[in-house]
Amino acid sequence: MVYVGFTKSMLEESKYQLGKGTKVRKESFGLLFYSSDGPRLLFIGCKDLIPTEFFEGKQFLRELLDSLELDSYPKIRQELLKTIKYLLEKGIIIRSESQ
């Protein structure tokens, strides 16, 4: 599957960090991103699947997905990939320099 401009393997084999002026915090529904550039607030309903520490650029997305043991839930894995792609497109997150 291709994610306009990103292949699945490109997304999974990358580390991510918050974009400039962006902060994230955990909420009961998932994650709340605040960006001084816009969109101002962005809610991601991922429950506990993605920890805020993931956006420190220290872990490959593939490692996070593998740790969630989603083999029996391919749709959830696909939705998480779409979410990461969306956050990239909006500039909320960027690929980490430490690949």
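Keep in mind that the numbers below use all heavy atoms, side chains included, and drop hydrogens, waters and symmetry copies.
- In this structure Phe43 satisfies the ring-ring contact (aromatic ring centres under 6.0 Å, His included) test together with Phe29, sequence neighbours excluded.
- Taking CG of Leu42 as the start and CZ of Arg40 as the end, the distance is 13.5 Å to the nearest 0.5 Å.
- Here Lys26 pairs with Asp48, Thr52 under the side chain to side chain contact (heavy atoms under 4.5 Å, CB included) rule; sequence neighbours left out.
- Partners of Ile50 according to the side chain to side chain contact (heavy atoms under 4.5 Å, CB included) rule, which considers only residues two or more places apart in sequence or in another chain, are Leu31, Cys46, Phe54, Phe55, Leu64, Leu80.
- Smallest separation of non-hydrogen atoms from Gln17 and Glu56: CB-C, 4.4 Å.
- One finds a salt bridge joining Arg77 and Glu12 here, because a Lys/Arg side-chain nitrogen approaches an Asp/Glu carboxylate oxygen to under 4.0 Å.
- Under the 4.5 Å side-chain criterion, counting only non-hydrogen atoms from C-beta, Thr22 is not in contact with Ile93.
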For this session: Begin with the C-alpha distance, continue with both residues' side-chain angles, and end with the deciding distance and a verdict on side-chain contact (heavy atoms from CB on, under 4.5 Å) for Tyr73 and Leu68.
Result: CA-CA 10 Å; Tyr73 306 97; Leu68 297 173; over 6 Å; no
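- Proximity of Leu49 to Ile76: side-chain heavy atoms (C-beta onward) are separated by under 4.5 Å at one or more points.
- The side-chain heavy atoms of Tyr16 and Ile92, taken from C-beta on, include no pair separated by under 4.5 Å.
- Ser28 contributes atom OG, which lies 7.0 Å from atom NZ of Lys47 (distance to the nearest 0.5 angstrom).
- A heavy-atom distance below 4.5 Å is found between the side chains of Leu87 and Ile44.
- For Lys75 and Glu79, the salt-bridge test fails: no basic side-chain N is under 4.0 Å from an acidic carboxylate O.
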